[in-house]
Amino acid sequence: MKNWKFDYDLSAIATSILTGFIGLAVIGYSSPAISAESDRTNGKGKEKPQVTLASSTQKSQDLPLQKGMTYGEARQIILKQGWRPNPNVESNLRSPVVKAIFDRGFIEIEDCSGTGEAPCRYEFVNDKGEILFVITAGRDRLVRDWGTEPKADAQKEPASGTIQAGRYWVGPTDEGLEIQAESFRYFDESGIDKRWQPISELKYIKNGVVFYGENYWCLSTMMPKNGISTCTANGWVKAETRPFSGTQRFNFLGGTGTGYTITIEHNGDTLVQLHGTAGSSIIYKGKFSNPIVLEDGKELQFEGDKIYMLLLGQSIEECKSSGSPCQANLY
């Protein structure tokens, strides 16, 4: 397990030394970089550069992130700014927490600590090869720090030889990826030829599975012949049984006049709305999945006639034991 510490540049806040010490005590760690000893333990044999809080502050105008915002909110901002999940990040999938986050499509997760505030580190990359890291803490996965690192000299493009050529699909849609040699392109029902891109834009997951954009893509020739299947990090799986068709309501807090509705069409199109006294808003629109991953990173998990609002990577068992109103009946 990696050691998480934040290294604050006290010279940048020399006029407020006392405040700096208080901040260090509250956050509980002092440097976002992984120690060289920890890297050697994990077999990487390299030391990541230290990134101070001062560098994060200098980037605040370019990247409008705020401490305390949810990781889901921060991720939307980061992607809109042109950053993308780092295809070279070495996710510690031996960790159940990291794997749960990774399997939800957050492939930029690197590692999480199991002690203290359980900080997690995520990595993005831009066209210049710079790395943007984000540190979250606590079960709510709230942003605690972020910053940039220069492109490492040893950084290399993903090995394209492990990605098989062919057509890749996400499931029963008209979207696909066509991979040939060192290039690939996206296609859909429009029939318009899309531009070819370098295969390094794809993240290799396993044999016959890649990640691109917001989806896992599986080799079409490996798709089961019977029934409807969807692509996941583990390959093709049978489409999940939907809990119902039509519209049902649920409310985690009780009361009247507020709550949620979820509509599931026969073709799997799903709409989740939040209703309040001032109006309604759409919090999810897309295909049904279990769980449904919302834009803020939270998840709606179905189990029988109940629905659970889970935090990113949280299990139903953790939800039940937390004491929070995260369970509701569908009606």
Side-chain angles (χ1 to χ4, degrees), residues 75-76 78-91 93 99 101-109 122-132 151 155-240 265 267-270 284-290 292-293 295:
R75 190 177 194 267
Q76 291 182 62
I78 291 169
L79 295 177
K80 288 180 180 178
Q81 293 287 328
W83 295 84
R84 60 185 184 276
N86 183 6
N88 294 300
V89 68
E90 298 181 28
S91 304
L93 299 182
K99 188 176 187 305
I101 295 173
F102 184 93
D103 288 345
R104 297 296 190 264
F106 298 88
I107 61 170
E108 66 273 12
I109 180 70
Y122 306 78
E123 285 191 4
F124 299 83
V125 66
N126 62 12
D127 292 336
K128 298 179 182 178
E130 297 173 320
I131 292 175
L132 166 68
K151 182 177 181 179
Q155 182 128 349
K156 60 181 183 299
E157 299 298 331
S160 59
T162 57
I163 299 180
Q164 298 183 50
R167 293 203 166 199
Y168 287 69
W169 299 335
V170 295
T173 70
D174 295 320
E175 297 178 289
L177 300 179
E178 181 180 358
I179 300 176
Q180 296 181 5
E182 300 298 315
S183 302
F184 81 99
R185 65 179 176 180
Y186 166 85
F187 64 87
D188 57 26
E189 70 278 4
S190 68
I192 301 175
D193 289 339
K194 308 297 182 179
R195 66 182 180 90
W196 288 93
Q197 303 177 63
I199 201 172
S200 59
E201 295 292 323
L202 303 177
K203 181 176 179 65
Y204 173 82
I205 303 299
K206 57 180 294 186
N207 183 38
V209 183
V210 298
F211 189 90
Y212 174 69
E214 296 292 329
N215 298 307
Y216 292 101
W217 304 78
C218 294
L219 192 62
S220 60
T221 56
M222 300 174 67
M223 185 177 185
K225 295 182 179 180
N226 298 322
I228 298 176
S229 300
T230 57
C231 183
T232 71
N234 295 317
W236 289 109
V237 297
K238 294 289 185 180
E240 297 180 79
E265 305 290 351
N267 63 357
D269 289 344
T270 302
Y284 178 81
K285 185 177 183 179
K287 289 295 183 180
F288 175 80
S289 63
N290 193 12
I292 292 174
V293 180
E295 289 186 350

Any side-chain heavy atom of [X] sitting closer than 4.5 Å to one from [Y]?
X: Asn207; Y: Gln164; answer: yes
X: Asn215; Y: Cys231; answer: no
X: Phe124; Y: Leu79; answer: yes
X: Asp127; Y: Arg84; answer: yes
X: Ile199; Y: Glu182; answer: yes
X: Tyr204; Y: Leu202; answer: no

Looking only at non-hydrogen atoms, find the nearest pair between Asn86 and Ile131 and report the distance.
-> ND2-CD1, 4.1 Å
Ring geometry between Tyr212 and Phe184 (parallel below 30°, tilted from 30 to 60°, perpendicular above 60°) =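 Plane angle over 60°, so perpendicular.
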Qualifying residue for side-chain hydrogen bond (donor to acceptor under 3.5 Å, both in side chains) with Glu175, from Trp217, Tyr186, Trp169 |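 Exactly one pass, corresponding to Tyr186.
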Trp83 (side chain) donor-acceptor with Arg75 (main chain) under 3.5 angstrom |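 Not a single qualifying donor-acceptor pair exists.
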Any donor and acceptor pair, going by atom type alone, linking the side chain of Ser229 with main-chain N or O of Met223 inside 3.5 Å?
-> no
Should Asn126 and Gln81 be marked as a side chain to side chain contact (heavy atoms under 4.5 Å, CB included) after you check the CA-CA gap, both sets of side-chain angles, and the distance that decides it?
-> CA-CA 9 Å; Asn126 62 12; Gln81 293 287 328; over 6 Å; no
Indicate yes or no: does Glu178 engage Lys194 in a salt bridge with an N to O separation below 4.0 Å.
->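 Salt bridge between Glu178 and Lys194, a charged N being under 4.0 Å from a carboxylate O: no.
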